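Report on the structure given below.
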Amino acid sequence: MTPLSPEEMDHCLLVALRARGSDARVAAVARTLPHGGEHGALWLAAGPAGAAADRPRRPARLLGTVLSSGAHLLSVALKRVVRRRRPLLPGRAPLVRTASPHSFPGAQAASATAARGERP
């Protein structure tokens, strides 16, 4: 079996996700969830809140916030260099509006992974 190219993998994943996105409830969740991750907002709010509530781990929580912010900024800068276009299905509008037409690296994934840096 020949391995799929990145473009073929994108297409297969989009077709599968789009089939799930035809359910109005799934589409509503798909449109809502990204807003919490936009620009690392979820992590920028959760880090200081966690630091305030968890004194013993305050330094780790704040470090996670700083790492998350840095990862987000770095991924946005890299998107401008790499400029990989977000994959689309011909003839189908995207289910979710995005801040950028570029898809790599994923800023939400980068900031979420960096936020895990607060763990000992």
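Worth saying up front: this structure is predicted, and the values here are computed from it rather than measured. No hydrogens, no waters, no symmetry mates; every other heavy atom, side chains included, goes into these values. Nothing fancy with the numbering, it's 1 onward along the sequence.
When all heavy atoms are compared, the tightest approach of Pro48 to Thr65 is CD-OG1, 3.7 Å.
Pairs passing the salt bridge (charged side-chain N to carboxylate O under 4.0 Å, His left out) check and including a residue from residues 47-56, sequence neighbours excluded, read Asp54-Arg61.
For Leu4, the side chain to side chain contact (heavy atoms under 4.5 Å, CB included) partners at least two apart in sequence or on another chain are Glu8, Met9, Cys12.
Here Arg57 contributes atom CZ and Leu62 contributes atom CG; the two are 11.5 Å apart, rounded to the nearest 0.5 Å. Considering CG of Leu73 and OG of Ser68, their distance stands at 9.5 Å, rounded to 0.5 Å.
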